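Quantities reported herein were computed from a predicted structural model and do not represent experimental measurements.
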Amino acid sequence: MAWALKLPLTDEVIESGLVQDFDASLSGIGQELGAGAYSMSDVLALPIFKQEESNLPPDNENKILPFQYVLCAATSPAIKLHDETLTYLNQGQSYEIRMLDNRKIGELPEITGKMVKSIIRVVFHDRRLQYTEHQQLEGWRWNRPGDRILDLDIPMSVGIIDPRANPTQLNTVEFLWDPSKRTSVFIQVHCISTEFTMRKHGGEKGVPFRIQIDTFKENESSEYTEHLHSASCQVKVFKPKGADRKQKTDREKMEKRAPQEKEKYQSSYETTILTECSPWPEITYVNNSPSPAFNSTHNSFPVAEGNGSPNHQPEPVIQVTDVSHTGLFLKLGHLLPAATPQEAQQWLHRNRFSPFCRLFTNFSGADLLKLTREDVIQICGPADGIRLFNALKGRVVRPRLTIYVCQESPQSRDQQQQLKQENGDASVSTFFIYHAIYLEDLTSVELTEKIAQLFNISPRQINQIFKQGPTGIHVLVSDEMIQNFQDEVCFILDTMKDDSNDGYHIILK
């Protein structure tokens, strides 16, 4: 009986406590979000409303961030509730990023009225590609000479000061800005997600990127090195208009889903809020160039030198000391065990393996040739690994036709005539050195070019090529005649000056 009388009292106390707790929880809503106004979609996209993994310490979960960056591009509707948002961008299109001051009154007074520096990067989202970022970017530089991965659209940007782009860091831009003033920076991403996929044919799935912003304040030496805040978002970049088509496709797919299925996916927001993340680590590049700092005496970065051709791109990892010796390994087209690490680097570049040069910096020809098929695939991935293994182990393809030629000189003719007279034997001949000419197209044009290359003259200096026929007649060499040459046939080349110009006629004897 006593237990029955106490039950209503206990329920009343519990109910009263719950109401007080609920009222207390409501009283704090809106007070910690700063003075600025937020749309509901922006508020829902804040990190404190998202149940996603974070590398930040637990005590930072409810911390109000000093800055907020908003990318003016819609998020995809085909992302599940607890996954990170994904935003589609068009290659080369200018997108606005709003730089917002989110500090409370009295917070970080040391930057009030002063500039801060922000660095914007386009980096890889996948951990596997992050480990080989330098190799991936060097490969992109080789395939797209003179281009940048990330650019600032300076005419459209507002409030940025002293914008800079280091020519050695294609994926990075930086600038100064005043948090107390309106600041919007417009960026352009020139690479597309499918340029970094393993397979280079149609239908491949593009890799995601991250747009990350790191903000710094001045230290005592007036250098912007003290970290304040970092945030990033996940994006994919498509060819022009491709992002719009992808967004439309995702929206149509979601419309076809059942209502209970739609509840498992996020709504598409008109803007993308960059979420707080760890600072991007400083990268030590091959040339060990220091990270640029802003100060009163620092000038803007110079324009990249060179003519934009892949053959003229600076490659600090290659230091050729003996050009004549190195040429042996390049002309042969295949790598020899005796090749030095520098010659191995040359071979990798010539065979389109530039993205992996840094991985094989200290590998000699013998080291590379000792790698097994499984080793190369594990290092370079399936597609490039198989291609590299085949290039290392592949045999030289036999040419369609091989002929041997020797240039006859007046001295050799006189010497041969003298030997014939002294010995009375027509079979006596002098010693000739022959050169091999390998033909693939089996045309007279190809033969002309190979003969000109052999004797270091221009093909234009060779007017006609004749073959000495029966009774000493001169027969014009045609494509059909070359196609009927016997393999490994020998010829002595005789030259005859053309009286009409400075050219020569070549006679095959």
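If you look at F186 and Y95, their ring centroids are not closer than 6.0 Å. Between H435 and Y404, the ring centre distance reaches or exceeds 6.0 Å. Aromatic ring centroids of H125 and F209 lie 6.0 Å or more apart.
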*Could you please spell out the steps behind the side chain to side chain contact (heavy atoms under 4.5 Å, CB included) verdict for I451 and I462?*
CA-CA 9 Å; I451 293 176; I462 301 177; 4.1 Å; yes
_Steps toward side chain to side chain contact (heavy atoms under 4.5 Å, CB included) verdict (W280, V123)_ = CA-CA 9 Å; W280 189 257; V123 296; 3.6 Å; yes
*Full working for side chain to side chain contact (heavy atoms under 4.5 Å, CB included) between L152 and I187*: CA-CA 5 Å; L152 287 178; I187 64 168; 4.1 Å; yes
*Can you list the steps and then say if T87 with T75 is a side-chain hydrogen bond (donor to acceptor under 3.5 Å, both in side chains)?*
CA-CA 5 Å; T87 303; T75 61; 5.8 Å; no
*Passes side chain to side chain contact (heavy atoms under 4.5 Å, CB included), T172 versus I119? Steps please.*
CA-CA 7 Å; T172 302; I119 302 176; 3.4 Å; yes
*What's the verdict on salt bridge (charged side-chain N to carboxylate O under 4.0 Å, His left out) for K117 and E223, showing C-alpha distance, side-chain angles and the deciding distance?*
CA-CA 10 Å; K117 180 183 82 169; E223 296 177 344; over 6 Å; no
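Taking the side chain as every heavy atom from C-beta outward, L274 and V70 never approach each other to under 4.5 Å. Between L89 and F238 the shortest side-chain heavy-atom distance does not fall below 4.5 Å. Contact check for V173 versus R164: no side-chain heavy atoms found under the 4.5 Å cut-off. Looking only at side-chain heavy atoms (C-beta outward), Q464 and L476 come within less than 4.5 Å of each other. For the pair E174 and F216, the minimum side-chain heavy-atom distance is 4.5 Å or more. Taking 4.5 Å as the limit, some side-chain heavy atom of L439 sits within range of a side-chain heavy atom of E446. Side-chain contact check for F360 versus P341: every heavy-atom pair is 4.5 Å or farther apart. In this structure, the side chains of L401 and F485 come closer than 4.5 Å at one or more pairs of heavy atoms.
Between atom CD1 of residue I161 and atom CG of residue L176 there is a gap of 6.5 Å, rounded to the nearest 0.5 Å. Separating the CG atom in D479 from the OG atom in S444 is a distance of 4.5 Å, to the nearest 0.5 Å. Taking CH2 of W142 as the start and CH2 of W140 as the end, the distance is 15.0 Å to the nearest 0.5 Å. How far CG of L447 is from CD1 of I403: 5.0 Å, rounded to the nearest 0.5 Å. The line from CD1 of I437 to CD of E449 is 12.0 Å long, rounded to the nearest 0.5 Å. The distance from atom SG of C233 to atom CD1 of I213, rounded to the nearest 0.5 Å, is 8.0 Å.
Across every non-hydrogen atom of I160 and S184, the tightest pair is CG2-O, 4.4 Å. The two residues S458 and A452 come nearest to each other via the heavy atoms C-CB, 3.9 Å. Residues P459 and T448 come closest through the heavy atom pair O-CG2, 4.0 Å. The nearest pair of heavy atoms linking I79 to T85 is CG2-CA, 4.4 Å. F491 and L508 get closest at one heavy-atom pair: CD2-CB, 3.7 Å. Scanning all heavy atoms of the two residues, the minimum distance from P167 to R141 falls at O-NH1, 3.6 Å.
Remark: the backbone N or O of I211 is not paired with any side-chain donor or acceptor of Q234 at under 3.5 angstrom. No donor-acceptor distance shorter than 3.5 angstrom exists from the side chain of Q461 to the backbone of I457, with no hydrogens or angles considered. The backbone N or O of Q169 lies less than 3.5 Å from a partner atom in the side chain of R148, making a donor-acceptor pair. A donor-acceptor pair is defined here as one N or O able to donate and one able to accept, closer than 3.5 Å; such a pair exists between the side chain of Q130 and the backbone of F124. Without hydrogens or angle criteria, N90 side chain to V237 main chain gives no donor-acceptor distance under 3.5 Å. Listed for the R387 side chain is a donor-acceptor partner under 3.5 Å among the backbone atoms of R352. Listed for the N171 side chain is no donor-acceptor partner under 3.5 Å among the backbone atoms of R121. S193 places no side-chain N or O within 3.5 Å of a backbone atom of G206 that could act as its donor or acceptor partner. At least one donor-acceptor pair closer than 3.5 Å links the side chain of N166 to the backbone N or O of T168. Although no hydrogens or angles enter the test, the distance criterion places no donor-acceptor pair under 3.5 Å between the side chain of K467 and the main chain of I507.
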Check residues 363-380 and write down every donor-acceptor pair under 3.5 Å in which the side-chain atom is one partner and the other belongs to a residue at least two apart or another chain.
residue : atom : partner : partner atom : Å
S364    : OG   : D367    : N            : 3.3
S364    : OG   : D367    : OD2          : 3.1
D367    : OD2  : S364    : N            : 3.1
T372    : OG1  : D375    : N            : 3.2
T372    : OG1  : D375    : OD1          : 3.4
T372    : OG1  : D375    : OD2          : 2.9
D375    : OD2  : T372    : N            : 3.2

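Ion pairing between a basic and an acidic side chain is recognised when a charged N comes within 4.0 Å of a carboxylate O; D244 and K241 show no such pairing. Electrostatic pairing of K239 and E195 does not count as a salt bridge here, judged by no charged N lying under 4.0 Å from a carboxylate O. By the 4.0 Å N-to-carboxylate-O rule, R98 lies close enough to E96 to be salt-bridged with it.
Counting heavy-atom neighbours within 6.0 Å of E252 CD, excluding the residue itself, gives a total above 12.
Checking D441 against T443 by side-chain atom types alone, no donor-acceptor pair falls below 3.5 Å. Between the side chains of E138 and S354, no donor-acceptor pair is found at a separation under 3.5 Å. If you check the side chains of D250 and S76, you find a donor sitting under 3.5 Å from an acceptor. Side chains of E488 and T402: no donor on one and acceptor on the other come within 3.5 Å. For the residue pair D214 and Q212, a side-chain donor N or O sits within less than 3.5 Å of a side-chain acceptor on the partner.
Using a 30° and 60° split on the angle between ring planes, H505 and F466 fall in the perpendicular class, above 60°.
The side chain to side chain donor-acceptor pair (under 3.5 Å) check on T215 picks up Y69, S118, with sequence neighbours excluded.
Cation-pi check for R400 over Y438 is not met; the charged atom does not lie both under 6.0 angstrom from the ring centroid and within 45 degrees of its normal. Both tests hold for K497 against Y504: distance to the six-membered ring centre under 6.0 Å, angle to the ring axis within 45°.
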